[in-house]
Amino acid sequence: MHVYTTKLTVTLSLREVREVFDDPFKFAGVSGHINLLMGLRPQDGKAFFFDQADSPPTRFRASFLLETPKGQTVTYFGTFEKVQLPSFDMISYKGVEDRRRFEFQIDISLKETASHGTTVTFSAVTNFHVDFLSRLTGKAPSYYMGQHIFEQHFIPYLRWAEAAKRSQDVVKLTLVFERS
């Protein structure tokens, strides 16, 4: 089991950061390693296409793309879900591979800073149950999923969002009328 926790403060508002982490489709897209294939009904777990839902699902049939030490990409299938929490400032996701070879839980805590920015606390617990043969043949994933997703995917994405916001915040004066 690998546990990873870190904090990052960004100049984006709480609302702007929440939009990235709160939407399972955005979360999966930015992660680069989670592909949401179909929704899963909460009552019976049956899969359905997204056009058959009246509201966005929170539980999904998903594929997970991971890289091995030899640079091969391995695809696993399983479930991915946004865990409903009672707190508005906490967002949580969990994923489980079909044969339970790995599972993970990612918790994100958001807190507005005094300077109207946001502090993101990102915590991931990843548990791989990879057999000896997979390790020996180099087919076991080569990195800690939560740490990789946050450091190599979410941090750059948030930094780019900050840069885009700064460029929008620049006030440009336009001469409308001049008299001499």
Side-chain angles (χ1 to χ4, degrees), residues 1-10 12-67 73-112 118-128 141 143-162 164-165:
M1 179 183 325
H2 183 260
V3 179
Y4 170 77
T5 302
T6 191
K7 283 185 180 185
L8 173 71
T9 301
V10 292
L12 301 168
S13 71
L14 180 65
R15 182 191 55 78
E16 291 167 319
V17 175
R18 187 165 191 63
E19 284 178 5
V20 174
F21 290 111
D22 199 32
D23 181 346
F25 292 93
K26 276 187 185 175
F27 184 90
V30 174
S31 81
H33 293 271
I34 303 166
N35 186 21
L36 305 180
L37 305 171
M38 298 177 83
L40 294 174
R41 289 192 183 106
Q43 57 273 39
D44 58 9
K46 289 195 178 189
F48 62 89
F49 290 108
F50 298 126
D51 66 341
Q52 298 171 337
D54 294 330
S55 61
T58 58
R59 194 159 183 260
F60 304 89
R61 181 83 181 126
S63 64
F64 306 102
L65 301 170
L66 303 176
E67 190 172 297
T73 301
V74 181
T75 303
Y76 295 97
F77 292 93
T79 58
F80 178 74
E81 92 178 89
K82 180 180 177 189
V83 180
Q84 298 301 322
L85 297 173
S87 171
F88 181 73
D89 295 336
M90 286 287 296
I91 301 163
S92 187
Y93 291 97
K94 72 177 181 177
V96 179
E97 191 266 341
D98 285 341
R99 294 192 298 176
R100 294 199 156 316
R101 289 179 286 190
F102 77 86
E103 53 191 293
F104 63 90
Q105 178 150 345
I106 296 173
D107 299 314
I108 303 117
S109 174
L110 305 175
K111 186 175 182 180
E112 194 166 24
T118 305
T119 298
V120 179
T121 303
F122 186 91
S123 180
V125 177
T126 310
N127 200 1
F128 282 92
Y143 52 82
Y144 297 115
M145 188 170 167
Q147 181 177 357
H148 169 76
I149 285 174
F150 191 70
E151 291 179 2
Q152 276 77 48
H153 294 271
F154 279 103
I155 289 177
Y157 183 85
L158 293 170
R159 294 294 183 218
W160 295 329
E162 282 181 310
K165 182 182 176 186

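Nothing fancy with the numbering, it's 1 onward along the sequence. Not measured: the values here are computed from a predicted model.
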Please name the pair of heavy atoms, one in F77 and one in S63, separated by the smallest distance, quoted to 0.1 Å.
CE2-CB, 3.7 Å
Which atom pair, heavy atoms only, marks the closest approach of I108 to V120?
CG2-CG1, 3.8 Å
Kindly say whether F64 contributes a backbone atom to a donor-acceptor pair with the side chain of H33 at under 3.5 angstrom?
no
Is a donor on one side and an acceptor on the other found under 3.5 Å between the side chain of R18 and the backbone of F88?
yes
After noting the C-alpha distance and the side-chain angles of D22 and K82, does the key distance pass the salt bridge (Lys or Arg N to Asp or Glu O under 4.0 Å) rule?
CA-CA 9 Å; D22 199 32; K82 180 180 177 189; 2.5 Å; yes
A side-chain contact here means heavy atoms from C-beta on lying under 4.5 Å apart; do F27 and I106 qualify?
yes
Considering residues, nucleotides and ligands other than D54, do more than 12 of their heavy atoms fall under 6.0 Å from its CG?
no
Any side-chain heavy atom of M1 sitting closer than 4.5 Å to one from T126?
no
Heavy atoms, side chains only, cut-off 4.5 Å: are L12 and L158 in contact?
yes
Measuring from atom NE2 of H2 to atom CG of N127, what distance do you get when rounded to the nearest 0.5 angstrom?
11.5 Å
The test is ring-ring contact (aromatic ring centres under 6.0 Å, His included); show your working for Y157 and F150 and say whether it passes.
CA-CA 10 Å; Y157 183 85; F150 191 70; over 10 Å; no
Would R101 and Y76 satisfy side-chain contact (heavy atoms from CB on, under 4.5 Å), going step by step from the backbone distance to the final call?
CA-CA 9 Å; R101 289 179 286 190; Y76 295 97; 3.5 Å; yes
For side-chain contact (heavy atoms from CB on, under 4.5 Å), just list the numbers for V83 and Y93, CA-CA rounded to whole Å, side-chain angles, deciding distance to a tenth of an Å, and then say yes or no.
CA-CA 5 Å; V83 180; Y93 291 97; over 6 Å; no
For side chain to side chain donor-acceptor pair (under 3.5 Å), just list the numbers for S109 and T121, CA-CA rounded to whole Å, side-chain angles, deciding distance to a tenth of an Å, and then say yes or no.
CA-CA 5 Å; S109 174; T121 303; 4.8 Å; no
Parallel, tilted or perpendicular, as decided by the 30° and 60° cut-offs, for the rings of F50 and F48:
perpendicular
Is the side chain of T5 donor-acceptor paired with the backbone N or O of S123 at a distance under 3.5 Å, no angle test?
no
NZ/K94 to CD/E81 distance, rounded to the nearest 0.5 angstrom?
4.5 Å
Any salt bridge linking E162 with K165? Criterion: basic side-chain nitrogen under 4.0 Å from a carboxylate oxygen.
no
Does any N or O in the side chain of Q152 come within less than 3.5 Å of the main-chain N or O of I149, such that one atom is a donor and the other an acceptor?
no
Value for CD1 (I34) from CZ (F80), rounded to nearest 0.5 Å, stands at 4.0 Å
Interatomic distance, M145 atom CE to E67 atom CD [nearest 0.5 angstrom]:
13.5 Å
Check step by step if side-chain contact (heavy atoms from CB on, under 4.5 Å) holds for T79 and R59.
CA-CA 7 Å; T79 58; R59 194 159 183 260; 4.2 Å; yes
Below 4.5 Å, heavy atoms only, C-beta onward: do F122 and D107 meet side chain to side chain?
no
Residue pair D98, R61: steps toward the side-chain contact (heavy atoms from CB on, under 4.5 Å) verdict
CA-CA 10 Å; D98 285 341; R61 181 83 181 126; 2.7 Å; yes
What closest approach, in Å, do L14 and T118 show between heavy atoms, and which atom pair accounts for it?
N-OG1, 3.0 Å
Hey, are T119 and T9 close enough side-chain-wise for a donor-acceptor pair under 3.5 Å?
yes
Straight-line distance of E103 CD to E97 CD, nearest 0.5 Å
10.0 Å
How long is the span from the CZ atom in F128 to the CZ atom in R100, to the nearest 0.5 Å?
14.5 Å
With under 30° as parallel and over 60° as perpendicular, where do the rings of H153 and H148 fit, or are they tilted in between?
perpendicular
Could you report the tightest heavy-atom contact between P24 and P57, atom names first, then the distance?
CG-O, 4.3 Å
In terms of heavy-atom contacts, G45 and L40 come closest through O-CD2, 3.4 Å
Is there a side-chain contact between T73 and L66 in this structure, where contact means two heavy atoms from C-beta onward sitting under 4.5 Å apart?
no
